[in-house]
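Start at 1 and go down the list; that is how both ligands and their atoms are numbered. From a predicted model like this one, the values you see are computed outputs, not experimental measurements.
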Amino acid sequence: MRSDGVEARPIVQLDGHAGFAEVFFTSVRVPVSQTIGDANDGWTVALSTLAFERDAPARPAARYERDLRELIAVARARDVWDDPVVRDAIGGLAARVETYRLHTLRTLTRLQRGESIGDDASVTKLLWSELERDIYEYGMSLLGPYAGALSDTPAAASFDTRYWYARAATIYAGTSEIQNNIVAERILGLPR
Ligand SMILES: Cc1cc2nc3c(=O)[nH]c(=O)nc-3n(C[C@H](O)[C@H](O)[C@H](O)COP(=O)(O)OP(=O)(O)OC[C@H]3O[C@@H](n4cnc5c(N)ncnc54)[C@H](O)[C@@H]3O)c2cc1C
């Protein structure tokens, strides 16, 4: 990024932050000593990098266990924790968090054995990103107007912001449609 000809132009979002940038490469020369892998084989490197981003070590299950605890705190604070409909919904999410936890243990066991994960990273990504989206979506439905401006607990106060960021989970690291395509073609062997 410090080479001559590399220019990052920040993209300012509606909230005033600049989380993204346009990066321009103008006649940039990369020394051979900084090559990763073989010349003209960058796509393989990019694919490996994406697999790391999608896979379990990047998304520990503890993160979703924490989110679930916060969801329960919100249900208690809103005095709906004893409502069977709420318990049913949160129970369903808890089952998915546990499924994801067991899935990550299987992945870590495979990595420990020296196996590569490959296309299974897409299954992992689908599991965590859709779980994250659904936890926060349900949190918002529990909170209604109490998410954000009317919030009365620290968990509620941060739910609004995290709900919006969770919307991006099924986009970054490759969208759910792309992950489903990979699962269909490369794991299930379905036609393109
Ligand atoms: C919060 C956030 C952080 C990000 N961080 C980074 C980062 O750090 N580094 C980085 O390089 N990128 C980053 N990205 C970019 C991200 O990887 C892309 O936005 C994402 O891969 C989708 O690509 P796209 O935006 O070009 O959408 P497009 O590819 O234009 O897709 C648009 C829509 O069409 C669908 N679609 C596209 N192709 C197909 C297909 N073949 N079959 C079915 N449906 C299809 C997609 O699912 C999507 O719904 C980030 C994005 C977000 C939102």
Side-chain angles (χ1 to χ4, degrees), residues 1-30 34-64 66-68 70-71 93 96-97 100 103-104 107 116-141 143 147-148 155-192:
M1 291 301 291
R2 287 190 290 270
S3 303
D4 286 342
V6 178
E7 186 198 352
R9 295 185 200 161
I11 301 172
V12 181
Q13 295 144 214
L14 275 177
D15 62 3
H17 290 103
F20 302 95
E22 291 177 289
V23 183
F24 294 86
F25 302 88
T26 309
S27 305
V28 177
R29 295 184 69 86
V30 180
Q34 290 182 20
T35 313
I36 300 172
D38 293 328
N40 300 320
D41 198 24
W43 182 234
T44 310
V45 177
L47 282 182
S48 307
T49 311
L50 282 170
F52 285 124
E53 186 183 15
R54 290 168 186 167
D55 216 336
R59 287 280 163 155
R63 179 180 168 141
Y64 301 106
R66 176 207 62 189
D67 291 347
L68 201 62
E70 290 186 0
L71 195 60
L93 290 167
R96 286 170 63 189
V97 171
Y100 180 65
H103 177 83
T104 61
T107 303
S116 66
I117 301 306
D119 298 332
D120 280 353
S122 290
V123 177
T124 309
K125 208 264 157 167
L126 281 166
L127 286 175
W128 64 250
S129 60
E130 299 191 352
L131 181 58
E132 186 166 318
R133 179 197 61 196
D134 294 349
I135 286 178
Y136 282 101
E137 209 162 77
Y138 191 65
M140 289 296 273
S141 74
L143 282 162
S158 64
F159 245 74
D160 185 38
T161 315
R162 287 189 284 157
Y163 163 77
W164 287 110
Y165 199 72
R167 302 296 301 169
T170 53
I171 300 174
Y172 59 70
T175 65
S176 285
E177 288 75 23
I178 295 300
Q179 310 304 335
N180 278 320
N181 275 345
I182 292 171
V183 171
E185 290 170 24
R186 302 202 200 142
I187 298 179
L188 301 177
L190 297 174
R192 285 173 71 86

Minimum heavy-atom separation for Gly174 and Arg54, please, with both atom names. CA-NH2, 3.9 Å
Among all protein heavy atoms in this structure, tell me which lies nearest to atom 6 (C) of ligand 1, with the distance rounded to 0.1 Å. Phe20 CE2, 4.9 Å
Per-atom contacts of ligand 1 with Asn181, taking only distances under 4.0 Å to non-hydrogen atoms: 40 (C), 41 (N), 42 (N), 43 (C)
Closer than 4.0 Å and a protein heavy atom, does any atom meet both conditions relative to atom 36 (N) of ligand 1? no
Is there a protein heavy atom less than 4.0 Å away from atom 30 (O) of ligand 1? no
Heavy-atom protein neighbour under 4.0 angstrom from atom 10 (C) of ligand 1: no
Below 4.0 angstrom, counting only protein heavy atoms, does anything approach atom 24 (P) of ligand 1? no
In terms of residue, atom name and distance, what is the protein heavy atom nearest to atom 17 (O) of ligand 1? Ala173 N, 4.0 Å
For the residue pair Asp119 and Val183, establish whether any side-chain heavy-atom pair is separated by less than 4.5 Å. no
Checking heavy-atom distances from atom 20 (C) of ligand 1 to each of Thr49, Asn180, Val23, Ile171, the winner is Ile171
Sub-4.0 Å protein heavy atom near atom 2 (C) of ligand 1: yes
Got Glu130 and Arg133 here, is their nearest side-chain heavy-atom distance under 4.5 Å? yes
How far is atom 48 (C) of ligand 1 from the closest protein heavy atom, and which atom is that? Thr175 CG2, 4.0 Å
Ligand 1 to Glu177, heavy atom cutoff 4.0 Å, flagged ligand atoms 43 (C), 44 (N), 46 (C), 47 (O), 49 (O)
How many angstroms lie between CG in Asp120 and CZ in Arg186, if you round to the nearest 0.5 Å? 12.0 Å
Please find the pair of heavy atoms, one from Ala8 and one from Ala21, that lie closest to each other, and give the distance. CB-CB, 4.4 Å
Closer than 4.0 angstrom, basic N to acidic O: yes or no for Arg63 and Glu132? yes
Short list, please: which atoms of ligand 1 are under 4.0 Å from a heavy atom of Tyr172? 1 (C), 2 (C), 3 (C), 4 (C), 50 (C), 51 (C), 52 (C)
Rounded to the nearest 0.5 Å, how far does CD1 of Ile178 lie from OG1 of Thr170? 12.5 Å
Scan the protein's non-hydrogen atoms and note whether one is under 4.0 Å from atom 13 (C) of ligand 1. no
So, for Arg59 and Tyr172, which heavy atoms are closest and what is the spacing to 0.1 Å? NH2-OH, 2.9 Å
Counting only heavy atoms not in Ile187, do more than 12 fall under 6.0 Å of its CD1? yes
Hey, is atom 41 (N) of ligand 1 touched by any protein heavy atom at less than 4.0 Å? yes
What atoms of ligand 1 come closer than 4.0 angstrom to any heavy atom of Ile178? 38 (N), 39 (C), 40 (C), 41 (N)
Atom 50 (C) of ligand 1: protein heavy atom closer than 4.0 Å? yes
So, for Leu131 and Leu93, which heavy atoms are closest and what is the spacing to 0.1 Å? CD1-O, 4.1 Å
